[in-house]
Colleague: 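One structure is given below, represented as structure tokens, and several questions about it will come after.
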Amino acid sequence: MKRHQATLLENRRLGPGLYSLQVEFEDLGDVEPGQFFEFLTGARFLRRAFSVADRDAMRLRFVLRVVGKGTAWLSQLTEGSKLNLAGPLGQGVAMPSEGPVMLLAGGIGAAPLLYLARKLNEQRVEVDALLAAGTKEELILTEEFGSLCRKVILATDDGSCGQKGLLTDILPALPAINDIQIFYACGPESMFAALKRLDLGKPLYAFLESRMGCGTGLCMGCGVLGRDGRYHRVCTEGPVFNLEEIEL
Amino acid sequence: MKRHQATLLENRRLGPGLYSLQVEFEDLGDVEPGQFFEFLTGARFLRRAFSVADRDAMRLRFVLRVVGKGTAWLSQLTEGSKLNLAGPLGQGVAMPSEGPVMLLAGGIGAAPLLYLARKLNEQRVEVDALLAAGTKEELILTEEFGSLCRKVILATDDGSCGQKGLLTDILPALPAINDIQIFYACGPESMFAALKRLDLGKPLYAFLESRMGCGTGLCMGCGVLGRDGRYHRVCTEGPVFNLEEIEL
Amino acid sequence: MSLEVFLGKARFRNPLVLASGTFGYGLTHTHVIDRMGAFVTKGITVQECVGNPQPRIWDSRETVINSVGLENVGLKRFKEETLPLIDISTPLYVNLAGVDLDDFRILIESLSDEEKIAGFELNLSCPNVKEGGAALGQSADRVGKVTSLARSLTTKPLWAKLTSNFCDVRETSKAAADAGADALVLINTLNALVIDIKGRKPFLGAGSGGLSGPAIKPYVLYIVKEVSRQINIPVIASGGVTSGTDVIEYLLAGASLVQLGSINLVDPEAGLRILEELKRYFEQEGISPAGIIGRLEER
Amino acid sequence: MSLEVFLGKARFRNPLVLASGTFGYGLTHTHVIDRMGAFVTKGITVQECVGNPQPRIWDSRETVINSVGLENVGLKRFKEETLPLIDISTPLYVNLAGVDLDDFRILIESLSDEEKIAGFELNLSCPNVKEGGAALGQSADRVGKVTSLARSLTTKPLWAKLTSNFCDVRETSKAAADAGADALVLINTLNALVIDIKGRKPFLGAGSGGLSGPAIKPYVLYIVKEVSRQINIPVIASGGVTSGTDVIEYLLAGASLVQLGSINLVDPEAGLRILEELKRYFEQEGISPAGIIGRLEER
Ligand SMILES: Cc1cc2nc3c(=O)[nH]c(=O)nc-3n(C[C@H](O)[C@H](O)[C@H](O)COP(=O)(O)OP(=O)(O)OC[C@H]3O[C@@H](n4cnc5c(N)ncnc54)[C@H](O)[C@@H]3O)c2cc1C
Ligand SMILES: Cc1cc2nc3c(=O)[nH]c(=O)nc-3n(C[C@H](O)[C@H](O)[C@H](O)COP(=O)(O)OP(=O)(O)OC[C@H]3O[C@@H](n4cnc5c(N)ncnc54)[C@H](O)[C@@H]3O)c2cc1C
Ligand SMILES: Cc1cc2nc3c(=O)[nH]c(=O)nc-3n(C[C@H](O)[C@H](O)[C@H](O)COP(=O)(O)O)c2cc1C
Ligand SMILES: Cc1cc2nc3c(=O)[nH]c(=O)nc-3n(C[C@H](O)[C@H](O)[C@H](O)COP(=O)(O)O)c2cc1C
Ligand code: FES
Ligand code: FES
């Protein structure tokens, strides 16, 4: 694990409780989609995990949703603040050999998928994205996905933007779905459970979250129950798992 | 006890670990010399006490010395920060009916005495000041005292500015000392002990510090041992005591 | 929406109690006291007590350690000078800090007839005194004896304030309940040591102190849940409350009343804020405090 | 300046020990392990153990609460698969988590001859399991029995890791010492409950967990001081260390070694930083760790 003293270049509000943080590193090696960084905050003892949402040279973008004290603290940081970060952590996602692939984002789940879209785009793999959220205000990063994807489908629970309904209501009826080779999904646990029931017949990689202790494989705090009846560490064995292999 | 949401207008470094904070209040009644405010910090559970060092309309000045986590946190605040304060607390000092009076400041002890000098000046009581500190860099507020006092004598332990020696070494030899009616002193405990031994023959009011719990008379955390064998609360019965009345 | 809670026949207008040692004798800030469920005085000893040397307070971000010791005016001055000045509309509980059975006998015999006093909190737990206090409270046998004696001397409500230091508080709780306590107060501060490494000596003047504050809340919550499920008298929680949410957690865990201690030092009006938070919660939920006591579900 | 400490004949290159459950099995971050005084594995049970349901972690600013439970590979896989992979130059202590005497017998009989293992930490204190753990460790009698049994089965160093939950840890300490433990580890986490008031249920998947972290340091310091003055075998401190200063406080209070737990979760290289802080201190003071153990002065 590498620790960094990084600088917050920009802290921009994207929507209700949603913030985009641009962070400048002094020293940064390869970062793969799916990997994450752990942020020290002044509000909690343990670090907080955030996926890399995008990269531009030595700058990483993170997108966060305020859900508790740690995220609230981060959301209030002003530009120029110094950040104590550890990372990159976790395994990068297995990149597909061919497309098209589809990204399935529920709410803040769009964050890590954006960086995946960027990498897929660089490798000229065709990529579609289905971005869902509760309301129009909570639909984030739509423009960024637009510039990287073949097709972007928007959906909101209340119909205030794009199609109306849950991601898993809309997905099965999409015409594009048939030639998709791999799905990548990130969203709340209920979304993964519903995706599992849909049984899309193609590999589906789930970007999981979990309350973490160490983020470095030492404490067993983050385990997700596998179909083998054992817990697997989201921090070092994940955070991306084949949906088939985990219990929800 | 009144609580305030106040704004930090200026945070200026005065010397090594020494900071001057200008704080703007929305609403502020009378404040007497000797009174203090308690600051909430993000670094400690309890509030931290600081004496009023000066006042200009709705602005109060505080001067603080970094000695631990709470003061370090305050010293790093940037302008525009909101402060959670409680005060004014404690009893104001008994104002003299006639002068001249002399202020005896050891290090950061200059802070509350400056506000007293201001008030004495307004009431046209003649006032001298003997300001002592370890080194030149630690001698603070000398200009401010200069504009309010008849005479300002400077002293440093290492002789880097003014006379060389401890405040209590220099004091007895000062010519001005004979017609002084009252002394007001603020400094470290060792200074008060030495002052007591000097036995100046005139009333000496000591501005005391003590680790506080509540600052409002509820917890008995701040007691200073009186000559009556009982503890007296620095927060509500003080912070200014007649040096005669306390044990050191 | 009424927030009242009954402990036997004793009525409390809401579940909030100002904890001993954190609100003086009730002579100031009466606008706060008068809105609370009950008020407990600083511990009263038979003899006037000067308390411990300075420093008496240390804190971190989530803890307070105090070694005030039982600085108080003593029984005689309390009865003659202080009590007449107390003018509150909230049930007044006097925290009694005895070193042995005799002390408790003297304290209760002297104060039991005072009309102003609603009840007594038996301090079987203060970690800041050499004799009595925690030592007394660490033995189920002695807790039982003190409580029995107190029970035989007064018909006023008796709260037994216990410690979890170096003992099984489930056993001392049972002893207090069996001996006739009306409620258990769980818990007093934890023994704590802060060291000044430069001087290689304890930082606090008394050598050690008692730890309180938000960090201990999950620990005390666990104790409250365990004890309230095992013992058949009401439990009053004391440990780390700073918000209405904390109070609700304690009620769910099984407490009938909840004390506010260290938070009063940060803000003597914290009780008023917490009361508003409680009101809002109970109004929204359409339920009363009594309706959630002990209603924590299993996982 | 050497920082070495001896416990009997066992040598530790410095007083820092990586605490059980916070550094896995010692398969990663070996550059850290190799600089420490000793390393303790996650608790090993006879049967493989899947651990507790999620969520398993909660924290505040100064505390961590975990309910990982004894998730571990179990004795057989530990011995056959894990142990061969462990490649460290630091004394390896295996934390043994049994529910009853039989478990401890099986664990020690199976592992006692392993050369790689320097010694055992008897986990008489984990609050995250229903049977054994804390329950075992709350009775001086049972602590004595387990320790005696272990003593009869191995000549390797035996550390008894104790709890202060619902018991008098001075008594369990005495029992462990009398039964032949080489050292006491004080203490394991405190029982702790976090409540989700919306769901009216415990927040942690296991219902409750164990509290650790900086907030408990003054509490554990007090216990270490008390026990080390009363009991004649070395004490190993465990609770809330985040800095070199904390380690020095524990040494002054009477600990011979000091464990690092929760801080490893924030930074797995914390041990290296703390070691540097210690070096600086001991160089400046021109003294060795052994020279300050228990040298706290009275106030
Ligand atoms: C690999 C990984 C990548 C991630 N990437 C991102 C990302 O890119 N963007 C992002 O926004 N998030 C991301 N997360 C999630 C993020 O780490 C969490 O949202 C964050 O840790 C929350 O910290 P907090 O201190 O704000 O919340 P906490 O205060 O710790 O609370 C966290 C959650 O627990 C609940 N909770 C806490 N205490 C209680 C209680 N007593 N009762 C009931 N509920 C309670 C809170 O309501 C909240 O839902 C990621 C997580 C992982 C593991
Ligand atoms: C009425 C009043 C007025 C005051 N006015 C001013 C003012 O105008 N300006 C000003 O600068 N200060 C003033 N003070 C003092 C100020 O309140 C304190 O300096 C401040 O509270 C320190 O807070 P802290 O969190 O920075 O220090 P803390 O971290 O609380 O430490 C405070 C002191 O305790 C020592 N300490 C803490 N823990 C230990 C330990 N384990 N071992 C050894 N030592 C330890 C520290 O070294 C330090 O000296 C005043 C105090 C009072 C009571
Ligand atoms: C400064 C201070 C003084 C205290 N004095 C007493 C006391 O005299 N008698 C007593 O029973 N408890 C005393 N306590 C303990 C509190 O009443 C309370 O039980 C404890 O602080 C835990 O609650 P908290 O975490 O809300 O503070 C004192 C606590 C503090 C902080
Ligand atoms: C995530 C986690 C897992 C733990 N697992 C174990 C364990 O398996 N066996 C054990 O004896 N102690 C275990 N502990 C307790 C620690 O070893 C240590 O005694 C305790 O956390 C107190 O020290 P600290 O405040 O430095 O963390 C665990 C602690 C944590 C935080
Ligand atoms: S968070 Fe500690 S093992 Fe994953
Ligand atoms: S600080 Fe509480 S009485 Fe003075």
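From a predicted model like this one, the values you see are computed outputs, not experimental measurements. Chain identifiers are assigned alphabetically (A, B, ...) following the order of the sequence lines, protein sequences preceding nucleic acid strands; residue numbering begins at 1 within each chain.
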Colleague: For chain C, find its close neighbours in residues 223-231 of chain D: heavy-atom separation under 4.5 Å, sorted by number, or none.
Modeller: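 So the qualifying residues are D:I223, D:K225, D:E226.
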Colleague: Please classify the contact of D:L251 with chain C as side chain, backbone, both or neither, using a heavy-atom distance under 4.5 Å.
Modeller: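 Neither part.
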Colleague: Can you give me the closest heavy-atom contact between D:P55 and D:S67, atom names plus distance?
Modeller: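 Answer, listing the atom of D:P55 first, then D:S67: O-OG, 3.6 Å.
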Colleague: Could you check which of D:G199, D:G205, D:P53, D:A215 has the highest count of heavy-atom pairs closer than 4.5 Å to chain C?
Modeller: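 Result: the option with the highest number of such pairs is D:G205.
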Colleague: Measuring heavy-atom distances to chain D, does C:I216 have an atom under 4.5 Å in its side chain, in its backbone, in both, or in neither?
Modeller: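 For C:I216, there is no contact with chain D at all, as no heavy atom is under 4.5 Å.
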Colleague: Who among D:I65, D:V194, D:D196, D:L204 has the most heavy-atom pairs with chain C under 4.5 Å?
Modeller: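 Looking at each of D:I65, D:V194, D:D196, D:L204 in turn, D:L204 comes out on top.
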Colleague: Please identify each residue that fulfils side-chain hydrogen bond (donor to acceptor under 3.5 Å, both in side chains) with C:T147, with sequence neighbours left out.
Modeller: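 Partners of C:T147 by the side-chain hydrogen bond (donor to acceptor under 3.5 Å, both in side chains) criterion come out as none, since no residue qualifies.
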Colleague: Which residues in residues 169-176 of chain C have a heavy atom less than 4.5 Å from any heavy atom of chain D?
Modeller: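 Expected list: C:V169, C:R170.
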Colleague: How far apart are the C-alpha atoms of C:Q138 and C:T163, what are their side-chain angles, what is the distance that settles it, and do they pass the side-chain contact (heavy atoms from CB on, under 4.5 Å) test?
Modeller: CA-CA 7 Å; C:Q138 278 160 11; C:T163 180; 4.2 Å; yes
Colleague: Can you measure from SG (D:C49) to CG (D:L70) and round to the nearest 0.5 angstrom?
Modeller: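 Going from the SG atom of D:C49 to the CG atom of D:L70 covers 6.0 Å.
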Colleague: For C:S262 and C:G213, which heavy atoms make the closest approach, and how far apart are they?
Modeller: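 Shortest heavy-atom contact: OG-N, 3.7 Å.
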Colleague: Name every donor-acceptor pair, under 3.5 Å, that has one atom in a side chain of residues 232-241 of chain C and the other anywhere in the protein, sequence neighbours excluded.
Modeller:
none

Colleague: Distance from D:I195 atom CD1 to C:I248 atom CD1, nearest 0.5 Å?
Modeller: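 Separation between the atoms: 10.5 Å.
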Colleague: If we define contacts as heavy-atom pairs under 4.5 Å, which of C:G207, C:S164, C:C167, C:A253 has the most with chain D?
Modeller: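 Of the candidates given, the most pairs with chain D belong to C:C167.
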Colleague: Under 4.5 Å heavy-atom distance to chain D, tell me which part of C:L296 shows up: side chain, backbone, both or neither.
Modeller: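 It is both, since atoms from each part get that close.
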Colleague: Any luck finding a side-chain donor-acceptor pair between D:S60 and C:E62 under 3.5 Å?
Modeller: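 Yes, C:E62 and D:S60 have a side-chain donor paired with an acceptor closer than 3.5 Å.
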Colleague: Minimum heavy-atom separation for D:P218 to C:W58, with atom names?
Modeller: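 Distance-wise, the nearest heavy atoms are CG-CZ3, 4.5 Å.
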Colleague: Nearest 0.5 angstrom please: C:N66 CG to C:L211 CG, how far?
Modeller: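 Taking CG in C:N66 and CG in C:L211, the distance rounds to 9.5 Å.
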Colleague: Quick check: closest heavy atoms across C:V5 and C:P289, and the distance to 0.1 Å?
Modeller: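 Where C:V5 meets C:P289 most closely, the heavy atoms are CG2-CB, 4.0 Å.
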Colleague: If every non-hydrogen atom of C:K161 is compared with every non-hydrogen atom of C:N188, which pair is closest and at what distance?
Modeller: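 Answer, listing the atom of C:K161 first, then C:N188: CE-ND2, 3.6 Å.
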Colleague: If you count heavy-atom pairs under 4.5 Å with chain C, which of D:V220, D:T63, D:L252 comes out on top?
Modeller: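 Heavy-atom pairs under 4.5 Å are most numerous for D:L252.
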Colleague: Using a strict threshold of under 4.0 Å (side-chain N to carboxylate O), is an ion pair present between D:K279 and D:E276?
Modeller: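 The answer is yes: the pair qualifies as a salt bridge.
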Colleague: Which region of C:Y250, side chain (C-beta onward) or backbone (N, CA, C, O), has a non-hydrogen atom less than 4.5 Å from a non-hydrogen atom of chain D, or is it both or neither?
Modeller: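 The answer is neither part of C:Y250.
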Colleague: Considering only NZ, NE, NH1 and NH2 on the basic side and carboxylate oxygens on the acidic side, decide whether C:R273 and C:D267 come within less than 4.0 Å.
Modeller: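 A salt bridge is absent here (no side-chain N lies under 4.0 Å from a carboxylate O).
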Colleague: Could you tell me which of D:R61, D:E297, D:K201 has the largest number of non-hydrogen atom pairs under 4.5 Å with chain C?
Modeller: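 Sorted descending by pairs with chain C, the first entry is D:R61.
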